[in-house]
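Report on the structure given below.
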Amino acid sequence: MKYLLLIHADEKLDEAMTEAEMGEIVGEYMKVAEELEADGRLVASERLRPAATATTLRERDGELLVTDGPFAETKEQLGGFYIVDVADLDAAIAVARRFPSVRYGSVEVRPIWEMSEDGGG
Amino acid sequence: MTTSRDEVERVFRAEHGRILASLVRALGDLDRAEDALADAWAAAIERWPRDGIPERPGAWITTAARRRAVDRIRRERRERPSPAEPRGEEEIAMIERRLDGEVEDDRLRLIFTCCHPSLALEARVALTLRMLGGLRTPEIARAFLVPEATLAQRLVRAKAKVREAGIPFEVPAGALLAERLPGVLTVLYLVFNEGYAATAGEALVRRELCDEAIRLARIVADLLPGEDEAKGLLALMLLTDARREARVDEDGVPVRLEDQDRGRWDRARIAEGLRILDGLVRRPGPFALQAIVAAVHARAERWGETDWPTVVAAYEALIERHASPVVRLNHAAAIAERDGPAAALPLVDALVAEGDLAEYPYLHAARADLLRRVGREEDALVAYDRALARVGNDAERRFLERRRGRSV
């Protein structure tokens, strides 16, 4: 099954980090990604620019509204994602728990709705 | 030859979890497994009253459910051929091979699936009772005092989550087992407590909850022999359940441990609980510690012979792990017995001052008992009234009125 792992953390914590601290954390993410890639479990992964760079679109009554920022103002922001292809939820959790943001932010594990599946439910 | 519905029902309850668990393993889906089993039961209800209950009813149902599972898969394919799932005869043959075997730990796998932490706690409880206990939706709804429609919806959502989120049908291995097991044991204890402690709901349904919780705890303890906490939970349930007949009087009013007729305790349950507890080798966890307390009471022939130092030590070990206010209240009660009411009163006063249990009637009742024992009768009556103002039902009210000892 494929899962999207959403990396959430308070960007203010990122900003407060020294370069060395940040380097260490990025290194942790890379190590996990390399392992996933080596045995074919990694489908995709990207780090995102800060939420302040986001643009959100909404169309209401035929009118397109373009606004600055993410879809919701929250304490933690989406900072990156991984898509992994693994056996089941426990295997996805085993990957997700290794990301540093588990310790100071959170990781959300979402199963991907495979297009080949019928209606799903 | 006639067969009553009750007998069919008895077989259903006894065999449901085992058969369903093996179907889930083979079919990889809760709904498919339930459908196959439901078909088999429908056939049994039709035939058994006519032909009599087969010699091995479980085997009969298993065979019927397997045949029907394969029939269903064939029919679905004919009706809805799916390019993504080109399950030909080859795959059906594979499912049939999987259906043929029955693995000893099928039920244990299913317990871990139903108690997966990504399900809400109330969903775990409902799913466990439905899948492993074979309780039907209306029974579970009655036991937990929720509308049937709510419970049905809860089960539908939980099953959908298991399927869509890819919750595995596996016993976790290695370090993950140690992480997951406490959550499983907690669900089983919750089921037990709902059956044992609840003063509302139907007596029969509550009895079934306790029996089911004990049955499931036994499976976990037997199949994970290295896990002392699983054994501790089973011992705790057995030693507590042993007191069932003595814990309420003819009017359904709770009877305090000290006033219970110990001759009515179930000696077989106690013997088994004590034997399990004696077999533990590791430092006791929370359930084993509670079982140690229950064992002290079970061993004492009279209230006056209770080994209070052991009870106090067990509660202190529990507090060290997790100082919940209810555990501290029980600890204070044990201190009152070991060292006298004056020693326990400050501990209870502290709990009252902290306020976490402000609405818990038994905190005020315990304080009232202590105040009376140190001779502060006026204060005691005020505390009893505080307890009475917070009771949840009539049986509790009569219980506390009796303790207060005067008309209110």
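Sequence lines set the chain letters: A, B, ... in the order given, protein chains first and strands last, and positions in each chain run from 1. Since this is a predicted model, take the numbers as computed values, not measurements.
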**Asked** Are the side chains of A:Ile93 and B:His116 in touch, meaning some heavy atoms are under 4.5 Å apart?
**Response** yes
Residue pair B:Leu176 / A:Asp90, side-chain heavy-atom distance below 4.5 Å | yes
- Message: For A:Arg97, is there an ion pair with B:Glu179 - N to carboxylate O distance below 4.0 angstrom?
- Response: yes
With a cut-off of 6.0 Å (strictly less than), are more than 12 heavy atoms of other residues, nucleotides or ligands near [atom1] of [X]?
{"X": "A:Tyr104", "atom1": "OH", "result": "yes"}
{"X": "A:Glu24", "atom1": "CD", "result": "no"}
{"X": "B:Arg157", "atom1": "CZ", "result": "no"}
{"X": "A:Met30", "atom1": "CE", "result": "no"}
{"X": "B:Arg321", "atom1": "CZ", "result": "yes"}

Of all heavy-atom pairs linking A:Asp88 and B:Pro168, the shortest is OD2-CB, 3.1 Å
Between B:Ala165 and A:Pro111, the two heavy atoms sitting closest are CA-CG, 3.6 Å
